2 protein chains.
Amino acid sequence: MTRTRQAVLALLQRTRQPISATEIFEQLHQEKVAIDLVTVYRTVHVLKELGLVLQLDLHQEGLARYELKEGREHHHHIRCQICGQIEDLLLCPLKKVTKLIEQRTQFIVDDHTLEFTGLCPQCQ
Amino acid sequence: MTRTRQAVLALLQRTRQPISATEIFEQLHQEKVAIDLVTVYRTVHVLKELGLVLQLDLHQEGLARYELKEGREHHHHIRCQICGQIEDLLLCPLKKVTKLIEQRTQFIVDDHTLEFTGLCPQCQ
DNA sequence: ATGTTATTTGCAATAAACTTGCAATAAGGA
DNA sequence: TCCTTATTGCAAGTTTATTGCAAATAACAT
Ligand SMILES: [Mn+2]
Ligand SMILES: [Mn+2]
Ligand SMILES: [Zn+2]
Ligand SMILES: [Zn+2]
């Protein structure tokens with residue numbers, strides 16, 4: 001854990017929203033932390049492997065976002081189409097559906113992704 | 001409807017799987033249809049606007065796939081992690097969940113994406 | 001503390017998917 | 001046919017992310 005990596009981790013801790021590599025880069029530069037964008041990519045990769053960070057690939061965004069794992073269970077997200085705010089949905093309604101799909105398709109289901117989009121209270 | 005566009009549409013009709021722009025390009029070239037990759041991108045864009053084609057952005061693929069709409073209702077997909085086969089799931093289990101999420105989050109839910117991954121019968 | 005080794009970082013270059021500008025070509029209507 | 005508009009190909013550009021490599025830093029042993 002170098003101080004560069006700690007700076008990234010600390011930023012993830014104080015950021016309530018899932019954040020992209022470029023946003024990490026720009027935010028740290030604003031805080032006068034010198035870090036290369038490549039190092040940001042490599043750092044989030046390491047933090048993912050350590051199980052400290054989750055990568056989110058939200059639909060239609062075309063970039064990856066990262067959030068602290070912090071013992072979070074499997075969960076999903078909803079994103080506001082106007083302001084981009086992302087909120088955790090601490091539920092998963094797909095256990096029964098998974099069984100049904102396995103019966104219908106003869107696949108063995110391993111995983112799923114689920115994401116909602118809409119308008120947050122402020123943007124309505 | 002030029003013959004270039006008809007060639008793309010005809011390929012989508014005879015292809016059972018959602019297919020990417022590069023795959024359309026390569027397949028048509030194998031069939032001796034001269035077409036530029038840029039034209040493929042522009043053509044699927046037009047076909048989408050005409051409501052003939054659906055664009056799929058499957059998780060972890062990093063590219064767009066296209067399938068004929070053909071009066072298909074809103075539906076979801078399951079993809080085999082080994083061979084890449086994609087199958088339609090002609091169901092949507094999220095109507096009730098959507099209401100619950102609107103209550104919990106105060107968002108107005110507009111849309112969602114749902115996708116399963118696993119092993120197809122042949123790859124198990 | 002010093003030297004030795006392994007890890008981390010920055011810079012430059014590269015990759016992949018997709019988009020845009022623009023001139024050449026093809027289509028369609030008078 | 002002629003003229004206008006839409007379509008296409010080529011080149012170049014964008015965006016997000018990855019890779020090679022040498023320099024800097026950290027970790028470790030003496
Ligand atoms: Mn989350
Ligand atoms: Mn489908
Ligand atoms: Zn789930
Ligand atoms: Zn649905």
Side-chain angles (χ1 to χ4, degrees), chain A residues 1-12 15 17-67 77 79 84 86 113 115, chain B residues 1-12 15 17-67 77 79 84 86 113 115:
Chain A
M1 268 297 151
T2 63
R3 72 186 64 100
T4 304
R5 288 179 180 177
Q6 279 173 346
V8 173
L9 195 56
L11 175 56
L12 286 166
T15 307
Q17 291 260 345
I19 189 175
S20 71
T22 309
E23 286 167 353
I24 293 170
F25 172 79
E26 286 170 354
Q27 183 61 39
L28 289 181
H29 270 253
Q30 250 176 345
E31 299 172 11
K32 307 294 179 198
V33 179
I35 186 173
D36 193 272
L37 182 57
V38 177
T39 306
V40 174
Y41 279 110
R42 290 198 269 232
T43 300
V44 291
H45 182 256
V46 166
L47 295 175
K48 257 194 318 181
E49 300 228 309
L50 292 172
L52 296 173
V53 160
L54 286 176
Q55 177 173 340
L56 269 63
D57 299 284
L58 298 186
H59 195 247
Q60 300 281 26
E61 280 222 312
L63 53 77
R65 295 187 172 279
Y66 305 90
E67 68 178 356
H77 299 90
R79 195 180 82 246
I86 296 159
T113 61
E115 184 199 331
Chain B
M1 264 298 149
T2 64
R3 71 186 65 101
T4 305
R5 289 180 179 177
Q6 279 174 344
V8 172
L9 195 57
L11 176 57
L12 286 166
T15 308
Q17 290 263 338
I19 189 174
S20 72
T22 309
E23 286 167 354
I24 292 171
F25 172 80
E26 286 170 353
Q27 182 62 40
L28 289 182
H29 269 253
Q30 251 177 345
E31 299 172 12
K32 308 292 178 199
V33 179
I35 186 173
D36 194 90
L37 182 57
V38 176
T39 305
V40 174
Y41 278 111
R42 291 198 269 231
T43 300
V44 291
H45 182 256
V46 167
L47 295 176
K48 257 194 316 180
E49 300 227 310
L50 291 173
L52 297 174
V53 159
L54 286 176
Q55 176 173 341
L56 267 63
D57 299 285
L58 298 185
H59 195 248
Q60 299 281 25
E61 280 222 312
L63 53 77
R65 294 186 173 277
Y66 306 89
E67 67 177 358
H77 298 90
R79 194 179 84 245
I86 296 160
T113 61
E115 184 199 331

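Computed from a predicted structure; not experimentally measured. Residue numbers begin at 1 in each chain, while the letters A, B, ... track the order of the sequences.
Taking both residues in full, the closest heavy atoms of Arg5(A) and Thr43(A) are given as CG-CG2, 3.8 Å, listed atom of the first, atom of the second, then distance. The two residues Val40(A) and Ala21(A) have their closest heavy-atom pair at CG1-O, 3.6 Å. When all heavy atoms of Ile86(A) and Gln17(A) are compared, the pair lying nearest together is N-OE1, 3.0 Å. Contact record, Gln55(B) with Ala64(B): NE2-CB, 3.4 Å, taken as the closest heavy-atom pair.
Using a 4.5 Å cut-off on side-chain heavy atoms (C-beta onward), Val53(A) and Val8(A) make no contact.
Place Ala21(B) and Met1(B) on DNA chain C by their nearest nucleotides, and Ala21(B) ends up nearer the 5' end. When the nearest nucleotides of DNA chain D are assigned to Thr2(B) and His45(A) by heavy-atom distance, the more 5′-ward of the two goes with Thr2(B).
Considering only residues two or more places apart in sequence or on other chains, Gln6(A) meets the side-chain contact (heavy atoms from CB on, under 4.5 Å) condition with Met1(A). Listed by chain and number, the residues in a ring pair (Phe, Tyr, Trp, His ring centres under 6.0 Å) with His77(A) are His75(A) (sequence neighbours excluded). Annotation: side-chain contact (heavy atoms from CB on, under 4.5 Å) contacts of Ser20(B) (sequence neighbours excluded): Thr22(B), Glu23(B), Leu63(B), Arg65(B).
Using a 4.0 Å cutoff on non-hydrogen atoms, the parts of residues 4-12 of chain B near DNA chain D are Thr4(B), Arg5(B), ordered by number. Of the residues in residues 57-65 of chain B, none lies under 4.0 Å from DNA chain D by heavy-atom distance. For the contact set between residues 25-44 of chain A and DNA chain D, defined by any heavy atom under 4.0 Å, the members are Val38(A), Tyr41(A), Arg42(A).
Of the possible donor and acceptor atoms, one in the side chain of Arg79(B) sits under 3.5 Å from a partner among the backbone N and O of His59(B).
Here the straight-line distance linking atom CG of Leu56(A) with atom CD1 of Ile19(A) works out to 12.5 Å at 0.5 Å rounding. How far CD of Glu115(B) is from OG1 of Thr113(A): 4.5 Å, rounded to the nearest 0.5 Å. The distance from the CG atom of Leu12(B) to the CG atom of Leu47(B) is 7.0 Å, given to the nearest 0.5 Å.
Between chain A and DNA chain D, the heavy-atom contact criterion of under 4.0 Å yields a 5' to 3' nucleotide range of dT16(D) to dA26(D). Chain B approaches DNA chain C within less than 4.0 angstrom (heavy atoms of the protein), and the contacting nucleotides run 5' to 3' from dA17(C) to dA27(C).
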Would you mind writing out the side-chain donor-acceptor pairs for residues 27-37 of chain A within the sub-3.5 Å range, not counting sequence neighbours?
from: Gln27(A); atom 1: NE2; to: Glu31(A); atom 2: OE2; distance (Å): 2.9
from: His29(A); atom 1: NE2; to: Ile35(A); atom 2: O; distance (Å): 2.8
from: Glu31(A); atom 1: OE1; to: Arg14(A); atom 2: NH1; distance (Å): 3.1
from: Glu31(A); atom 1: OE2; to: Arg14(A); atom 2: NH1; distance (Å): 2.8
from: Asp36(A); atom 1: OD1; to: Val38(A); atom 2: N; distance (Å): 2.8

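Listed by first and then second residue, the ring pair (Phe, Tyr, Trp, His ring centres under 6.0 Å) pairs that reach into residues 39-58 of chain B come to none, sequence neighbours excluded. Every pair tested for salt bridge (charged side-chain N to carboxylate O under 4.0 Å, His left out) that includes a residue from residues 42-55 of chain B fails, sequence neighbours excluded, so the list is empty.
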